[in-house]
Trainee: 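I have a structure here, written as C-alpha cells, and I will follow up with some questions on it.
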Amino acid sequence: MSTTNGWIGKSVKRVEDKRFITGKGNYTDDIVLPHQTYASFVRSPYAHARILSVDTSAAAAMPGVVAIFTGKDVAEVNGVPCGWLLHFKNGDPMKEPKHPLLVTDKALHVGDAVAIVIAESAAEAKDAAEVVMVDYEELPAVTDAFKATQAGASLVHDDAPNNICFDWTLGNPIEEVDAAIAASAHVTTLEFVNQRMVPNAIEPRAYNSSYEASTDKYTLYTSTQNPHLIRLLMCAFVLGIPEHKVRVVGPDVGGGFGSKIFHYTEEALLTWATRKIGRPVKWTSTRSESFLLDAHGRDHITKADMGFDKDGKITALRVKTYANLGAYLSTFASCVPTYLHGTLLQGLYTTPKINVDVTAVFTNTCVVDAYRGAGRPEATYLLERLVDLAALELNTDPVELRMKNFIPPFDGITQPGYQTQVALQYDSGNYQGVLKKGIEMLGYADLRKAQKEAAANGRLLGIGISTYIEACGIAPSAVVGSLGARAGLYEVGQVRIQPTGKVSVYTGAHSHGQGHETTFAQVVADKFGIPMEDVEIIHGDSEAVAFGMGTYGSRSLAVGGSAIVKSIEKIIEKGKKIAAHKLEASEGDVNFENGKFTVKGTDKSVSFGDVALTAYVPHHYPKDLEPGLDFSSFYDPANFTYPFGCHIAVVEVEKETGKVHLKRFVAVDDVGNIINPMIVEGQIHGGLAQGIGQALFEGADYDENGQLTNGSYMDYCMPRADDFPMFETASQVTPCPHNPLGVKGAGEAGAIGSTPAVVNAVIDALWSAGHKVKDIRMPMTSERVWRAMQS
Amino acid sequence: MQLNGKHTVNAAPSVIWKMLMDTDVLAKIVPGISRLEKTGDNTYKSILDIKLGPVNSSFTGNLQMEDISEEKGFALKVQQHSKIGNANAAIKIDLLPLGENQTEIQFDGQAKMTGLLASMGQRVMGGVSATLTKQFFANLEKELDKQ
C-alpha cells in the first residue's frame, strides 16, 4: 500500500466546481416535489414572554392555507435532544430542559417558534403567518452569561437555578494550581470576552420533508453536514419513527461552518407535519431567520491567570469561563466549551499545572454551538493572548518566550505522544519548526527594527504572534463515550468496484463545500493507479451510504478518508486472490502496483480492470472466493489528530482614528500529509477570513431586552476581500502517526490561529507608543481602539 | 434606539401648541397615519401605514401625552404593534421660543423595538426614523402655511 500513482499531493482542480460555477448545483431549496406545500413560522418578537393565547382563525381563512399547527398540537412530541451529557462537579446530570418543536407556554428567545403555517405557496404561508394573533406578556430577559448567574437574574428555565446548565472542571486540582500561581515570579492576568459569532453560511437552512403513506416512508431533504446523524436523532429521539422508514438526503450544501451539524426543530417538525397533511412540506430560512436562529458560536466570558518563574518558564494556568449556551441545549452545545475547549489549554507549552473551570449558562438568546473551530479557537485565543501579553509585561521577545516554553519535537512513532495535563495525548508535533518558518517568512528581526523606527516617527506598527494546536479527526468513540458523547464518532467508507473497473465510493463524510469529491477521488485513484475520472464519490444520502457521522471537526479525510483506505486495502487483498488464480501464481507472490497485479520475479501481469471484470464474471475463479469486488469499512480513529501552526499578523493602527490596517498575514500550518495543496490553501484562506473577521469586524449584539440588534448585513459587519492583504501561507508536514493517510485535518486551522494574532498585533502596536492596554474588546472597531489609546 | 433632534419653525409656541393638541391637524402631519381616534384625555388610538425601505407594515397602537406643560412641552408615549415587530417609545418634546415668531421644537427620547424592527439595527432604523421625522416637520410647515 505504499505505492502512490501521483494523485496524492497534486493541486487537482475541484471536480464539483463545474456544477457550482455553472449554476447547476442542486440545493435543498431547488427541490420541488409533486404536491409541494410551503411552511412559514410564527416567531416570538420577544426574548422572553409568556404566551397568553394563540388565535389562528384569521390565518386559517387566508388563501392557500393548508394547515396550521401550534405548540399544543406537538405537545406530546419530544424535543430535539442534546448529543453530549455532562455532569455538574457534584455528579448531578446537567440540566436538560425540553427544546420543543413549537413552544406552548413561554418563548425563550427572539425567533422561538409559536406556530407553523403551511400553504400552497411560500408567499401565502408568510402572509397567513403574519395574521396569527399571539398574545404575549413580556418577561425580563437575560443575555449575558455572567450576569445570568447572579442573584436576582430572571430564569430562562424554572428548573435551572441561577440559569446554570452545569459547572465543570478539568486538569490539576485547583489548590495545586492556586499554589503554583501564588509562587510565580510573574503572573499575567487577562479578563476578556470571546464574542458571539453568527455563522453566516451562504445557503440558508432549508428542509423539504415528504411522506408516502402506501409505503409508510419518509424522505427528508436537508441542508446538513451529517444526514445520518440527523436521521438518528430525529427518528430515535424526537419522533420515534423507525429509521429504516426514513431516508435523509443532504444534497449540495452551501456552507455550514458547524451551524448545519445540529438537529434543528424545523427538521423534525416538517417531518411530523408532512405525515399529518399527506403532502411534502418545504421551508427555507430567510436571512433574518438565519441571523436569529442558526446556532451561534463562541460567547465566552473568561478570566485567566498564567504564572511564570524568574526565567520566563510557564508555571501554571488557571482559567474561569462563563459559557453562554443560549436558551436551549443545541446538539453539541455542552461539549464545545468543555471537552473541545478545556482540553486544549495545554497549547504548545510544557505548562506543568493547569486548571480550567467552566460554568455553562442558559440565556434568552439564540442557541450557541460549534462554529468553525468550536472551543479550540476560544482556547487558542486565551493562551496566545496571555503569552503575547506576558512578553510585553516581562519586556521579553514573544518568539523567545514561546520557544522557551514549547514542548520539544516528537514524531509519535519513535518518540511517544505528549501527555497533557488536560486529558489529551498529542500525536506528533514540531512546534519550533512552524514558528521558525513563520518568523523567517515575515523577516521578523527587520520588522522589529521597522517598528521601533515607526514609533519614533509617531506611527503605530504592531506584530502579533499566535501558535496554535487543535484536536481534529473527531473522534475515538471509546474516548468521547467516556466523556459523555451519546454517539460514536467513527466513519464509514464503502468502495464498490464496478465490473468495468470504474469505482463508486460511498462515504459518510458529507461535503458542504470542502471538496470531498475531489480529494477523496484523488486518494482512491492514487491507491488503485487509475484515472481520477474513473472514480465517483457518493455522499449525503442515507439510502446510498450505509452510515456516517458527517463532516465537522476537520474529520473528513482523517476519519472518512481512512475508512475508504481500509476498504481499498480489502479490495486489493481480494484482487490479489483473483489475480493469483488468473496468473496461476501463489497469492503471496502477487504484487499490486500502478494499477496492475504482477507476479514477483516474472513479467506476468493482469490489469485492475481485468480483475474487476473477473470478479463479476467469475467463470474462471478461485473456488472458495465470493464473486464481486465491493467492501465497506468502519474506521474508528485511535486518537484525535493534532494539527498546529503559527500565524503572524502585522498591523498599522491610525493614531488619530484608531483604525486598524492589516498589512501582512503569515500562516504556517502543519496539517500532516496533504492530499491536495490547493484545497488546503483554500481552507486556510477561508478560515483566516473568519478568524480575522472575529478580531476586526464581526459579533452578534443583543440589547438588554434580548433583541438581536444587528441581524442584517447592514449592521453585522462581514469581512470583505479588500479588508485583507494577500495571505502568505506555507506548510510544514509532520505526518499523523496513527491513520493510514498520515493526515490531520485543515478545515478549522485558519479560524483557530488567526484571531489572537490580529488582537496581539494591535495591542503590540499600542504598547509601541506607550499605551499599555491589556485588552481591546473584539471586534476591534476604530472606536474601541481609539478609546483604548485615550485611556 | 436614540431619538433626538430639533427643528425651527416660523411660528410662535402658542400656534404650534394649538396644532399639536388638535386631533385633525395631527392626523394630517403624522407620517403614514391612516386613522387617529381620541380615546380619552390626551390619549389616542392610531393606525399607521408605513412603507419605507425595509419597513413595510401597518402599525396599530396608542399615543399618550403626559406631563403636559401648556405651550412649553409634553412627554409622548408611543406603543405600536405590527407584523414585523413592536415599537415602544418615550419622547420628551419641548417648545422653545426663539424671538417673537419662531419656535425651536426639541425632541429627545428612546425607542425600544422587537422582532424584525430590532434586528435591522440602528443603521436601518436610524435612517427610517430620520426620514419620518423630516416628513413630520415638512407636514407641520405645510399646515402652518395653510393657516
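By convention in this document, chain letters (A, B, ...) are assigned in the order of the sequence lines, proteins followed by strands, and residues within each chain are numbered from 1.
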Trainee: Under a 4.5 Å heavy-atom cut-off, does chain A meet the side chain of B/M125, its backbone, both or neither?
Mentor: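 For B/M125, neither part sits under 4.5 Å from chain A.
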Trainee: Tell me, yes or no, whether the heavy-atom count around B/K45 atom NZ, taken from other residues, nucleotides or ligands under 6.0 Å, exceeds 12.
Mentor: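 Counting other residues, nucleotides and ligands, NZ of B/K45 stays at 12 neighbours or fewer.
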Trainee: Using every non-hydrogen atom in the two residues, find where A/Q707 and B/A118 come nearest and quote the distance to one decimal.
Mentor: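 In this case the closest contact between A/Q707 and B/A118 is OE1-CB, 3.4 Å.
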Trainee: Where along residues 37-54 of chain A does a heavy atom come under 4.5 Å of chain B, listed by residue number?
Mentor: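 Under the 4.5 Å heavy-atom cut-off, A/P45, A/Y46 qualify.
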Trainee: Rounded to the nearest 0.5 Å, how far does CG of A/D703 lie from CE of B/M113?
Mentor: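 These two atoms lie 9.0 Å from each other.
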Trainee: Around atom CZ of A/R784, are there more than 12 heavy atoms from other residues, nucleotides or ligands closer than 6.0 Å?
Mentor: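 Count over threshold, so yes.
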Trainee: Got a sec: does the CZ of A/R287 have more than 12 other heavy atoms crowding it under 6.0 Å?
Mentor: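 Atom CZ in A/R287 is crowded, with more than 12 foreign heavy atoms closer than 6.0 Å.
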Trainee: With a 4.5 angstrom heavy-atom cut-off, could you sort out which part of A/N710 is near chain B: side chain, backbone, both or neither?
Mentor: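 The backbone, not the side chain.
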Trainee: Could you list which of residues 117-145 of chain A have a heavy atom closer than 4.5 Å to any heavy atom of chain B, in residue-number order?
Mentor: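 Contacts with chain B: A/E130.
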Trainee: Nearest 0.5 Å, please: how far is CD in A/E289 from OG in B/S119?
Mentor: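 Separation between the atoms: 10.5 Å.
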Trainee: Could you tell me whether B/D145 atom CG has more than 12 heavy atoms of other residues or ligands within 6.0 Å of it?
Mentor: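 Yes - once you tally the heavy atoms of other residues, nucleotides and ligands closer than 6.0 Å, there are more than 12.
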Trainee: Could you tell me whether B/K51 atom NZ has more than 12 heavy atoms of other residues or ligands within 6.0 Å of it?
Mentor: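 Check fails, neighbour count at 12 or below.
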Trainee: CG of B/N88 to CG of A/N705: how many Å apart, nearest 0.5 Å?
Mentor: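 Interatomic distance, B/N88 CG to A/N705 CG, rounded to 0.5 Å: 9.5 Å.
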Trainee: So, taking the atom named CG in A/L708 and the one named OG1 in B/T114, what distance separates them when rounded to the nearest 0.5 Å?
Mentor: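 It comes to 12.5 Å.
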